[in-house]
Each structure stands twice: as C-alpha cells, then as structure tokens.
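Everything below concerns the one structure shown next.
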2 protein chains.
Amino acid sequence: MESSPNIARIGALLGDNTRAKMLSALMHGKALTATELANEAGVTAQTATTHLAKLADGGLLILQKQGRHKYFALASEEVAQLLESLMGLSASAEPLRVHTGPRDPHMRAARVCYNHLAGDKGIQLYDSLLAQRYLRLVDGAPQLSKKGREFVVGFGVDLDALQRSRSPLCKPCLDWSARRSHLAGSLGRALYTRFEVLRWVSRDGGRTVTFSRKGEREFNQIFPLPAGSAR
Amino acid sequence: MESSPNIARIGALLGDNTRAKMLSALMHGKALTATELANEAGVTAQTATTHLAKLADGGLLILQKQGRHKYFALASEEVAQLLESLMGLSASAEPLRVHTGPRDPHMRAARVCYNHLAGDKGIQLYDSLLAQRYLRLVDGAPQLSKKGREFVVGFGVDLDALQRSRSPLCKPCLDWSARRSHLAGSLGRALYTRFEVLRWVSRDGGRTVTFSRKGEREFNQIFPLPAGSAR
DNA sequence: TCCATACTTCGATCGTAGCCGAAGCATACA
DNA sequence: TGTATGCTTCGGCTACGATCGAAGTATGGA
C-alpha cells in the first residue's frame, strides 16, 4: 500500500522533547557520552539509554564504545542539515517570544553547526570564498579552485589529509537564521578548527561562537564581504 | 534556558502516522479537502479535523475555505523540501524491504514533488536546462538566462504571469531517490503543468508520473542529457 | 580482589494523544 | 423551507510511550 518512505518513524524520533534536546546538543559536532546527554536533556541515565537506543536504531545517531564510555554523534551531515531546516521552519512559524532571548542575536551572528561556522559570519565566509574565486559553483555544489587550494594550504589546512578521507570536501548547508547557504563539509570543519587554533573564536559551551577582537579584525580582512552583498 | 527553536514541536507533528500520510498526500502539490485527506489517511472526518487543525496551527499547512469545502495545502516549499529530506533519511536508514516494492522503481524514475517533476526525469530536465544554458547558477541558485526566457516562452509558458507572482521563479530542490537537485519554484511547476497539457505525462493518482511514448521521445529530444553526465 | 563509575534491564506508574460515536453548525441546492 | 453534504465539538475509551526506582552487568583503577 505505502510505497513512500516512512516519514512518521523519523518524525516520531524528533518529536520528543528529550530526544530533541539531545540532538540539539550534538549539533555542536562533538560526540558526547550517554551521561553527558542525559544531563543535557535533564533526565536520568536509564531514560537516556532508551532514547539513545531509539535514535541510534533509527539511524540518526552513530555510537562508538570507548572503554566504559559510549560516545554518541549525529550519524551524518544529512541529519545535521535536517535538524537545521527543522529549526528554520520552527523559528519562522513560532510566536515571537523565542526570538527575543538575549542569547539569540549572538546565535544569529555566529554559531557552530555540526563543527563548521554558521550564522552571519558563516555566510560571510562562504560569500567571500566565492567572491575571491577560492570556491566555484559547479552544478550548485561548491568546489575548491586551484587558487583556493593554494589559499587554504597557506592558511594552515592540511588539505591532503582532508582529501584522503571519503567525506566530501565542500558542501553547502542551509542556515535557519538567514536563509542562505554557508560552507559545510570537511573543509568547512577544517577552517573552523583553524579559527579555534588561531584563537580567533571561542565557544561558550553552547553553540554560540564569540570572536576575539583580533579574530574579528583578521577574519574580516581575509574574508571581506563582497562589494555588492546586502547587509 | 533553551534559546534554539523548538524542534520537537514540529517533529511531533510529523511523528504521527496519520498526519504523515496526509502530508505525503499533499506532496502532489494540489490542495485537498478535509474529507479527501481523511480518506487518504484512513480515518474518520472527526479525527482528520483535529489533525488538520494541528498541522495548520503548527505552520505546516495553509487552508482556504471555499463554500462548504476546506482546502488544505502545504504551507511552503520549505515544508515540501523538509518532507523530501525526511524521506531521504528514512529511505537510507530503513531496512531494504521498502525499496523492493513494485511501484518504487517507477517512483524513482519520475514522480511529482509539490507540483514539479522529480526523480530521474526531473534531474534530466534540470541538468539539460543547465547544459543548454537556459539556466545559469548564480550563488548556487538557478536563474533563467535570456536564452532560457526565449525558450520557455516558446515552449508555451506564460512567463509574465509567473513573474508577476511573488514566489521565486527558480529554486533547486533536493531529491531523495537520487541525491541530486532538480528544478522547483514556479517555473518548475509551470513546466510540469505544460508537460501534462501536452499529454507527455500522466499521473496514476499517486505521485508516480508515467510518460507516454510520444512524451518520452519529445522530452528526450528537447531536454537531452548532457554528454558527460553519469548514468 | 574490591570498589567506583558508566551504562543497561525490568517493572510499575502516569499522562498524553489518537480514535470514534453522537450530536451540532454551516453551507449548498432543490 | 427542507434536506443532503462537509466540517466541527464533545465525551469517553484505549493504547502507547516517557519516566524513574531498583537491581543487574560491564569496565577501569586502586
């Protein structure tokens, strides 16, 4: 009878508040242990176990045992992207109160999305890479140009290592705050990591990213906004 | 405490089987009445009413009263896209049995996604439009070129009417069967409608689209696959 | 060997949400 | 004005799943 994939199965997984908190927590990109996730969601370890089992069963999380710890992470970028677009819909459909939270503006300015930079700064990065022809769009997918290769290597990214891995180097990722793309994929991750190493940015534990004064200045210098871009 | 948008609220909406069926039914792109949706989901009218109210409240559906009928449709392309990506995740995470249904291959070949063409044929259309320079990618978004304008008008699309409407002309939409983009937006809709008018394609009531012999031939002639494209 | 820590399993409780029958509005048409 | 049709509201039934206490199993370190 039903020939289309079962939406409800995954929907139900996302529909529980506790599980949603866990997934949100994992949007940082780091893997977390069962207990950490239990705390994050505000439930006991037993409850967390059942939820995490369901999420892993459902293909949303992958897990890795390490000694007596069990680390959970989002199963793929697709999952992360799905969560982002859910947030997007949720944000646009929700009454305004949520938008007025004090931390919200900072979230919109810069945040971490599955280990790469998102928010206004993420968009700036993406637009600037395109404008400087470090990235080129081929069939809608961003690709690193020869000029871009030289740049990222010069910026301190171990490009060879990235290319050895199987995961795609560049991927676009849709933002929920602005409705624009920013750079995901292993290069997106590597660049963000580099920003942290350079101490341009720091995290406050949540998804919010704060630029240091020096970081902000150098970031804007190396990744200027293209002339014609709005706001 | 929580400053990120509430995923669970929307997740819960998607998590019920009855509601999922209704939403899937609306992926055709047409607006349906409450009773039609009730039948589609296999529940009574009362039950349907409550579900539809929730979906509309949650911002996933919009409704329009027309006499004693009440028509429901997906609220936006974002919603349709979210559903598509849910199906994608679901399909990849699910045990294989679902992939083996008899109608499934046809669904992959050509189907309707929110009133535009999706599946292999949808991708062929998109790639061909790009290859023939009717479409151009600007910042990842497809745009109609001057050559493209002439073509679609010649093909029988009332371009002026489309441009008067506020909704975007061209949008990419990600496929769940192949993981590629195809053409959405009002132009995508208009082209598909034109295919129906020309009797190139017909629907079997579901999302599956069948090409007539003549339709297939002419479609392939006007929208040939670019030389280098795989399979 | 023993203990602490991390996670799992079991069983019981409880709340919520889906469902439908029945009755109630509203609209269309004769 | 009456009658059929489409949708809604109400009330009660039911089932499922989230939760946690208590007890059980692994793992690491003293």
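Throughout, protein chains are lettered first and strands after them, A, B, ... in sequence-line order, and every chain is numbered starting at 1.
M22(B) places its CE atom 12 Å from the C1' atom of dC19(C), with the value rounded to the nearest Å. Atoms CG (L52(B)) and P (dC19(C)) sit 12 Å apart, rounded to a whole Å. For the pair H69(A) NE2 and dA4(C) C1', the interatomic distance rounds to 12 Å; values are reported in whole Å. L63(A) has its CG atom 14 Å from the C1' atom of dT8(C), to the nearest Å. Here dT8(C) presents its P atom at 12 Å from CG of D57(A), a figure rounded to the nearest Å. At whole-Å resolution of the value, OH in Y71(A) and C1' in dA6(C) are 11 Å apart.
Take T47(A) and apply the side-chain contact (heavy atoms from CB on, under 4.5 Å) test, not counting sequence neighbours, and it matches V43(A), T44(A), H51(A). Listed by chain and residue number, W200(A), S212(A), R217(A), E218(A) satisfy the side-chain contact (heavy atoms from CB on, under 4.5 Å) test with K214(A) (two or more places apart in sequence, or in another chain).
Contact check for E84(B) versus M27(B): side-chain heavy atoms found under the 4.5 Å cut-off. Within the 4.5 Å cutoff, side-chain heavy atoms of L183(B) are placed close to those of L135(B).
Q46(B) and T49(B) form no side-chain donor-acceptor contact under 3.5 Å, judged by distance and modelled atom types alone. For the residue pair T193(B) / E196(B), no side-chain donor-acceptor distance below 3.5 Å is found, with atom types taken as modelled.
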Practice problem: If a protein heavy atom is under 4.0 Å from the base, mark B; if only from the sugar-phosphate, S; if neither, -; do that for nucleotides 18-30 of chain D going 5' to 3'. | Solution: SSBBB----BS--
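Side-chain nitrogen and oxygen atoms of K70(B) include none within less than 4.0 Å of the OP1 or OP2 phosphate oxygen of dA26(C).
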